[in-house]
**Q** 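My questions all concern the structure below.
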Amino acid sequence: MGRFLAGRLAATLPVMGVVAVIVFLLLRLAPGDPAAILAGDAASPEQIAAIRARLGLDQPILTQFLSWLGRLLQGDLGSSIISNQPVAKLILERIEPTLALATTTIVFAVLVAVPLGVLAAWWHGTWVDRAVMAVSVLGFSVPVFVLGYLLIFGFAMQLRLLPVQGYVSITEGLWPFLSRLILPTLTLSVIYIALIARTTRSSVLEVLGEDYIRTARAKGIGETQVLWRHALRNAAVPVISVIGLGIALLISGVVVTESVFNLPGLGRLTVDSVLARDYPVIQGVILLFSALYVVINLAIDLSYLLFDPRIRY
Amino acid sequence: MSQPVLSITGLTVPLPYGADRANAIEGLSLSVGANEIVCVVGESGSGKSVTASAVMGLLPPALKPSAGEILLQGEDILKVAPARLRALRGSRMAMVFQEPMTALNPVLKVGEQIAEMLEAHAGRSGREARRSRVLDLLGDVHLPDPPSLAKAYPHQLSGGQRQRVMIAMALANDPALIIADEPTTALDVTTQAQILKLLKELQARRNAGILFITHDFGVVSQIADRVVVMQRGRLVEEGRADEVLTRPRDPYTRMLIAAVPSAEPPPARPRQQAAAPILAVRDLTKTYGGRGLFGGGRAVTALDGVSLALQPGETLGIVGESGSGKSTLARCVARFVDPSAGHIRIGGDDIALLPPRELRPYRRRVQMVFQDPYRSLNPRRKVGQSIIEGPMNYGLSKEAALARAARLLDLVNLEKGALDRYPHEFSGGQRQRIAIARALAMEPDVLIADEAVSALDVSVQRQVLELLEDIRERLNLSILFITHDLRVAARLCDRLVVMLGGRIVEEGPTAALFANPRHAYTQALFAAAPKLRLAAS
Amino acid sequence: APGPAMAQAKPVTIRAVMHSGLRITDPIITTAYIARNHGYMIYDTLFATDASFKVQPQMVKEYSVSDDTLIYTFTLRDGLKFHDGAPVTSADCIASLRRWGKRDSMGQKLMEYTASLDAVDDRTFTLKLKQPYGLVLTSLGKPSSNVPFIMPKRIAETPADKNVPEEIGSGPFRFVKGEFQPGLKVVYEKNPDYVPRSEASSWTSGAKVVKVDRVEWLNIPDYQTAVNALINGEIDYIEQPPHDFLPILKAAPGIQIINYNTLGVSGMLRMNWLNPPFDNEKIRQAALLAVNQQDYLDAQIGDPDYMVPCLAMFVCNTPNATDAGAPKTDLARAKQLLKEGGYDGKPIVVMQPTDLAIVAPLGPVTAQALRKIGMNVDLQSMDWQTLVGRRAKQDPVDQGGWNIFHTTWVNADMLNPVSNVGINARGKKGGFFGWAEDAEIETMRNAYALETDPGKQVAIAKAVQERAYAVGMYYPTGQFISPLAAGPKLKGILEAPAPVFWNIEKK
Amino acid sequence: MSAENRTMPSPVTSPLASRLATLPPALRHPGVLFGLAVLLIVGLAALAAPFLWTGDPILLRPRLRLKPPSSVAWLGTDAFGRDVWTRVVYGARVSLAIGFSVAASAVLIGLFIGLVAGYLRRLDAVVMRIMDGIMAIPSILLAIAMVTLSGAGIGTVIVAIAIPEIPRVARLVRSVVLSVRSEPYVEAAIGAGTRLPMLLIRHVLPNTIAPLIVQGTYVCASAILTEAILSFLGAGIPTEIPSWGNIMAEGRQSFQIAPWVILFPGLCVAATVLAVNVIGDGLRDALDPRTARRVGALR
Ligand SMILES: Nc1ncnc2c1ncn2[C@@H]1O[C@H](COP(=O)(O)OP(=O)(O)OP(=O)(O)O)[C@@H](O)[C@H]1O
Ligand SMILES: Nc1ncnc2c1ncn2[C@@H]1O[C@H](COP(=O)(O)OP(=O)(O)OP(=O)(O)O)[C@@H](O)[C@H]1O
Ligand SMILES: [Mg+2]
Ligand SMILES: [Mg+2]
């Protein structure tokens with residue numbers, strides 16, 4: 001167990017290394033020039049070149065990479081080219097809304113999707129099953145931004161139940177915080193619900209065919225208990241895996257959801273800095289995402305232990 | 001006799017459209033009295049399990065009884081409301097399922113699983129009361145250290161222990177009827193013997209009726225009061241155990257009983273002693289796990305300095321306790337796993353530590369027949385394709401390979417048309433013969449058979465054994481034959497080795513070993529084998 | 001942080017959605033309009049232009065010009081104070097002008113003719129010219145990018161290509177550094193020390209009286225959301241709602257649509273003079289004859305109320321407005337010129353920034369027009385920053401160069417041949433992207449700059465425009481007005497060439 | 001379980017049943033049939049686009065912008081006055097092309113990587129770490145970077161969307177390979193001297209097909225949606241080439257005043273994604289190796 005953890009944590013280094021190299025190359029090969037952006041419309045080539053030199057962008061890629069890596073190893077993520085602010089500060093400011101949205105989305109999606117999936121599996125082949133599957137596939141078929149607009153139109157504009165946009169920290173009260181997260185959460189979780197519900201359904205379906213389910217029934221216990229106590233726990237591992245895999249999906253979805261609902265989160269920071277070629281910020285954010293990804297996967301692998309005593313590390 | 005615990009009359013369960021016959025069971029009537037053990041025997045697919053499930057009300061949704069009644073102490077299972085059925089299950093009737101490996105929920109502690117049975121039938125309410133009852137039950141089935149065992153998960157128990165947990169569960173609410181579906185197929189004889197003894201004891205103590213499904217006649221003769229013989233969904237014979245076993249009336253029963261191998265080794269085959277063994281294993285050691293980048297957990301020494309030799313044309317049997325390293329030995333010799341140390345000589349060359357690339361020339365010379373004939377044939381490839389694959393790998397033309405395959409099918413008693421069919425279109429016995437044909441198509445020097453007949457019912461098992469006897473004579477084949485069935489070993493093998501804990505503890509000519517086992521474990525093994533009183537064949 | 005006085009009552013706050021997020025806080029190093037707007041919040045200017053295009057003193061109390069028009073003497077008003085408490089001095093003004101003179105095109109020109117800038121005392125300084133120059137006050141009162149904002153000397157000494165380290169000015173609002181989130185949110189609070197002028201406000205001149213406690217600029221990237229938020233009362237102000245949303249906003253109760261910038265905005269089609277086929281004057285003319293301004297305006301704006309069809313390069317309804325030399329769509333002639341120019345059918349790369357809603361429609365319209373006369377067009381979609389990077393490349397098309405891009409300008413920047421960068425004809429030596437080069441125009445531009453008689457200036461501007469059309473410097477795709485939308489509570493929004501927040505009340 | 005009934009060989013009694021029985025079993029699933037029908041219609045419409053009363057998909061008519069559906073423009077016009085019906089029909093070409101080529105390329109490349117990683121222990125760790133790395137990069141971001149890197153174009157968008165999908169496919173294949181490689185029939189084939197490439201093709205590959213079809217349909221559906229998101233972010237297909245994604249992205253501005261611009265391509269996306277997903281689910285039910293094995297074992 002300890003060795004497993006150590007091993008997994010050690011394995012994160014190569015992953016992050018790979019990510020760092022890929023991202024660095026991608027960015028530096030991409031067209032667009034932060035110096036030209038900084039210089040503005042009327043700048044002369046000399047002015048742009050001077051800015052490039054000041055930013056060190058005229059150095060060979062390898063040199064740039066090594067110096068970035070060197071600073072990174074000292075814990076310095078650098079500063080934004082565009083706004084001059086430290087990357088770490090930018091990220092810290094933006095992390096809260098994204099984290100809040102991701103958390104509410106996961107919690108909500110799991111709370112809805114798992115029972116839906118279980119129901120569909122239980123009523124396998126009936127209209128309940130078909131309805132659940134159709135709804136979740138449909139949810140999967142609507143582009144996130146369209147869904148966001150529809151929800152805003154319905155809940156905020158017509159019914160005037162919820163605010164349209166923005167983010168308020170939880171420190172300023174639970175309702176202000178939650179009310180602004182409800183619509184984004186709904187929007188973002190639809191895809192997620194579809195994914196989890198379908199996985200839960202097929203996983204529970206598979207488990208329901210297992211011998212120990214028959215054993216459980218042979219004991220004369222009620223069907224609800226068969227379902228929740230015996231079937232669901234055994235079906236948990238693939239469901240958890242898909243939640244983990246879906247986190248990558250979530251991060252992509254966050255980008256759009258954050259723009260539609262004007263949440264000042266990491267997704268927007270990422271897109272904005274990509275569009276502005278703000279290299280240090282992009283690198284910092286991606287590094288954070290990949291670290292997060294690795295940690296989440298580790299957490300998920302560890303959570304298998306909770307559900308399946310046969311798994312040991 | 002008072003009212004029977006279970007009485008089935010005229011039960012018919014139709015099969016879904018398109019199956020090979022109309023009804024899984026047809027007009028079946030049988031009864032089980034209190035304090036009686038009724039054994040059900042019959043070929044695979046004859047409807048034994050369907051009968052058991054029907055009694056429990058646990059038939060798969062595809063199967064619905066169309067006629068008949070099943071009376072449990074006078075109450076018709078087929079008519080009662082679902083809630084009532086649930087109340088009956090586990091309290092008045094209980095079932096021990098065929099596969100202990102899969103019948104227990106892998107994520108719940110065994111203690112909880114037993115306690116659930118008590119909980120479901122409210123009788124014992126208090127948590128404490130339930131706990132002590134669980135411990136009593138575990139003790140009843142002779143499991144060691146019940147308090148810690150109750151906290152174990154199924155995968156932490158051996159097969160025999162799991163089987164006993166299942167039995168404890170079945171007994172929890174003192175049911176009037178216990179149904180046991182092939183509860184011992186996967187077990188070695190020592191463990192099997194323990195379980196049978198236990199069942200018998202418990203039945204006597206609690207005055208329950210037991211419906212016991214099996215294909216092992218040794219087991220039948222050891223515990224049955226009455227025997228029911230089924231074939232293709234019908235009951236063909238029924239009677240007191242000693243009568244059916246010694247004086248079978250129905251031809252099918254007679255055929256079955258005749259197929260049971262005798263425990264007496266046949267006289268040794270006359271063979272000339274060759275100068276050099278075809279296969280020589282020396283000091284073979286295999287340790288699983290322990291290595292690996294991030295630690296593979298525990299290390300298991302599955303083989304610990306095993307040495308043996310196989311002469312040309314000889315059949316060497318390997319018997320021994322479950323987990324003693326028999327399969328590991330076979331797989332090392334076939335080089336599906338890499339030995340940790342030691343030597344494996346084929347002809348003159350040591351292949352023990354050759355890298356995979358250099359193994360190819362030797363692959364042809366050692367062939368393996370696997371325990372599960374279905375899984376050892378690629379379900380997506382036609383039988384013909386599977387058979388010619390090997391020879392063609394070694395340069396034979398397709399025509400020549402097909403011709404050889406046709407000849408081999410003939411040798412294993414299958415028609416030529418079989419080449420164009422898929423594995424699932426064959427019966428278990430046929431599949432095992434196909435697997436043998438595939439191995440023979442390589443013209444190997446050594447054939448390794450790992451539990452190659454254990455999964456088959458006696459009549460099919462007999463066909464395969466006869467085939468092997470025939471082929472080894474004709475082709476002068478050397479066979480390494482792994483089994484846990486001593487009768488089978490006795491019948492086929494020239495010599496036997498007995499394995500325990502990764503070592504060979506005894507070895508010798510079959511007859512000599514049977515007559516005079518010296519090692520304590522060998523003695524225990526033979527003692528545990530069920531004795532048979534059968535009709536003289 | 002808000003002072004104790006503000007903490008008691010809930011501060012009156014205007015929440016405004018601006019056209020983009022503020023990232024670069026230095027209005028001198030960038031021409032970005034958001035930085036200019038930011039500049040108007042926290043800085044003040046020496047002079048300012050009023051609604052009748054007259055330059056009025058702002059920080060300057062009085063000024064005098066020597067008879068030979070070579071020496072300008074400026075005296076600052078009393079009580080000018082930076083947000084850090086320091087008084088505004090001549091040294092601060094001189095440093096600020098020098099820095100601005102390094103970046104801004106009009107500033108550069110002014111500095112070319114400037115012999116020296118000297119402090120006379122703390123509140124008086126002089127600007128000495130090398131020769132008479134007509135645009136001294138026009139430059140100092142320049143309403144749009146880059147505006148010569150006055151900063152403390154220590155900050156104005158930052159190199160001209162480096163963002164200022166601190167946001168300190170003497171303007172009517174103070175920058176709340178602690179709440180600044182680049183690209184997301186900027187917070188300003190009322191500067192209690194600011195002493196407004198007594199004249200009435202007119203454009204960026206006159207009194208700048210702040211009537212709220214705070215102004216928050218938010219960047220809501222999705223206009224759909226911003227519009228909904230305004231209707232829902234979550235925000236008070238949208239600087240530039242896309243025209244497609246105006247019907248919705250008009251229908252919503254209480255929402256005001258205000259044409260604050262009547263000068264408006266102009267679109268520009270810019271060809272690259274370095275690459276074939278637009279290195280050929282005939283083909284540039286062919287292009288100008290192929291396009292039709294009305295199509296651009298229809299595609300871009302749609303609502304006739306907000307379009308100003310206008311082929312005056314120096315902005316309609318201003319002193320320099322004229323349609324001299326303007327082409328009339330003539331496909332036959334265009335085709336003929338194309339043939340004469342020897343167009344070989346090579347694809348023309350037109351860059352289209354899909355993420356910039358106001359510019360995005362121009363590319364397809366151009367593509368369709370050029371195709372009509374038989375040109376082969378490769379319309380390439382990209383994001384604006386890719387375009388910004390790529391338009392700086394002087395390479396041939398197959399090595400990452402380009403042929404055509406479009407952009408828009410606030411008309412305040414286009415009013416004369418000197419400030420209108422599209423007319424800059426210096427080619428590769430300091431010209432605007434596209435690198436149009438024409439010695440004749442450069443001569444006229446210089447003449448315009450040196451001319452002190454407004455009437456003669458107008459004549460020069462006309463000649464410049466005729467020449468510019470003839471050589472194909474650029475095509476104005478039309479003028480339009482981008483109104484702002486405000487919630488029912490805002491009163492007193494001023495007209496100006498840039499959005500300004502003084503004088504606005506929130507009830 | 002009823003999945004088994006469905007896939008039990010049909011009785012050769014009624015003519016319909018016998019005709020159905022000649023279909024491959026997977027195609028007999030009603031969901032699959034429905035999905036295929038929808039895809040067929042969309043696909044045919046895409047192929048026959050010029051003949052479906054369409055005009056020029058890029059013809060701008062700025063004066064006719066944002067007109068509601070009428071006899072002139074069945075589905076109305078967009079903000080450039082282009083005909084929405086024409087663009088939606090032509091858009092089917094691009095969206096289907098993107099969906100299918102992303103699915104095909106991600107599946108093929110992922111399959112190759114997964115097979116190699118699953119079978120060659122030595123490469124496994126390295127290859128999978130790289131895959132993890134790619135997976136850790138948010139796919140949208142990678143796509144934006146790729147698109148800005150090599151310019152907007154169908155090809156770039158396909159590559160950009162496919163790359164992040166590859167690791168997921170590779171992981172899936174690898175896990176199948178790991179479980180199949182210990183199957184007795186694979187060992188039997190090794191024992192018969194079958195060389196690695198043949199072993200993979202004959203014995204391992206077929207087992208990956210069922211899960212790959214499911215994964216492939218999922219990838220196909222999500223590629224169509226991802227393209228829409230990329231267009232939303234300004235990094236998608238050039239507007240000259242209509243795709244459902246960029247039609248919707250361009251139309252989002254006028255969502256409230258001209259909902260038809262988004263509605264019709266939206267419906268098309270929903271129907272197609274639904275069809276593809278239903279096919280995937282149906283094939284999973286029909287091709288589930290467990291079901292197949294159980295059916296076989298019962299006979
Ligand atoms: N779920 C099911 N659906 C359809 N047919 C079934 C099902 N379960 C069993 N059958 C069929 O019912 C018949 C009887 O099967 P059953 O399992 O009772 O055989 P068995 O006697 O227990 O054989 P074995 O000794 O192999 O366990 C077989 O033909 C089998 O194919
Ligand atoms: N792949 C493996 N990794 C780790 N341990 C293993 C592995 N395979 C077998 N073992 C262990 O090696 C020992 C010998 O196993 P083997 O399969 O050879 O036993 P066997 O004699 O064939 O038993 P059985 O009669 O039950 O088939 C057992 O303790 C088993 O748990
Ligand atoms: Mg059975
Ligand atoms: Mg074994």
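Quick note on labels: first sequence line is chain A, next is B, and so on, each numbered from 1.
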**Q** Side chain from CB out, backbone as N, CA, C, O: work out which of these in C:I301 comes under 4.5 Å of a heavy atom of chain D, or both, or neither.
**A**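 Just its backbone gets close to chain D.
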**Q** Which one, C:T354, C:D244, C:V227, leads in non-hydrogen pairs under 4.5 Å with chain D?
**A**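 Highest number of pairs under 4.5 Å: C:D244.
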**Q** So which part of D:L64 gets closer than 4.5 Å to some heavy atom of chain C, the side chain, the backbone, both or neither?
**A**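 Interface part for D:L64: neither.
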**Q** Please classify the contact of D:I241 with chain C as side chain, backbone, both or neither, using a heavy-atom distance under 4.5 Å.
**A**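 It is neither, since no heavy atom gets under 4.5 Å.
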**Q** Which pair of non-hydrogen atoms, one from D:F80 and one from C:A360, has the smallest distance, and what is that distance?
**A**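 Shortest heavy-atom separation between D:F80 and C:A360 comes out as CZ-O, 4.5 Å.
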**Q** Below 4.5 Å from any heavy atom of chain C, which atoms of D:R63 appear? Answer side chain, backbone, both or neither.
**A**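 It is both, since atoms from each part get that close.
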**Q** How close do D:P238 and C:S381 get, counting heavy atoms only, and between which atoms?
**A**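 Closest pair (atom of D:P238, atom of C:S381, distance): CA-OG, 2.9 Å.
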**Q** Report which part of C:Y296 has an atom under 4.5 Å of a heavy atom belonging to chain D: side chain, backbone, both, or neither.
**A**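 The answer is neither part of C:Y296.
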**Q** Looking only at non-hydrogen atoms, find the nearest pair between C:A367 and D:E240 and report the distance.
**A**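 The pair with the smallest heavy-atom distance is CB-OE2, 4.4 Å.
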**Q** From C:Q224 CD over to D:R252 CZ, what is the distance, rounded to the nearest 0.5 angstrom?
**A**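 Atom-to-atom, C:Q224:CD and D:R252:CZ are 9.0 Å apart.
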**Q** Which bit of D:F255 is near chain C, if near means a heavy-atom gap under 4.5 Å: side chain, backbone, both or neither?
**A**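 Contact with chain C involves both backbone and side-chain atoms of D:F255.
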**Q** Can you tell me which portion of C:Q352 sits under 4.5 Å from chain D's heavy atoms? Options are side chain, backbone, both or neither.
**A**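 Just the side chain, heavy atoms under 4.5 Å.
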**Q** Report the option among C:Q368, C:R371, C:M382 that has the most heavy-atom pairs separated by less than 4.5 Å from atoms of chain D.
**A**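 That would be C:Q368.
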**Q** Quick one, D:I257 with C:I248, criterion side chain to side chain contact (heavy atoms under 4.5 Å, CB included). Give me CA distance, side-chain angles, the key distance, then yes/no.
**A** CA-CA 7 Å; D:I257 51 168; C:I248 301 174; 3.4 Å; yes
**Q** Just wondering, are more than 12 heavy atoms of other shown residues or ligands nearer than 6.0 Å to NZ in D:K67?
**A**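 More than 12 heavy atoms, drawn from other residues, nucleotides or ligands, come within 6.0 Å of this atom.
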**Q** Heavy atoms only: give me the nearest D:P62-C:A299 pair and the separation to one decimal.
**A**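 In terms of heavy atoms, the two residues are closest at CB-N, 3.6 Å.
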**Q** Under 4.0 Å between a side-chain nitrogen and a carboxylate oxygen: does that hold for D:R61 and C:D298?
**A**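 Result for this pair is no, no salt bridge flagged.
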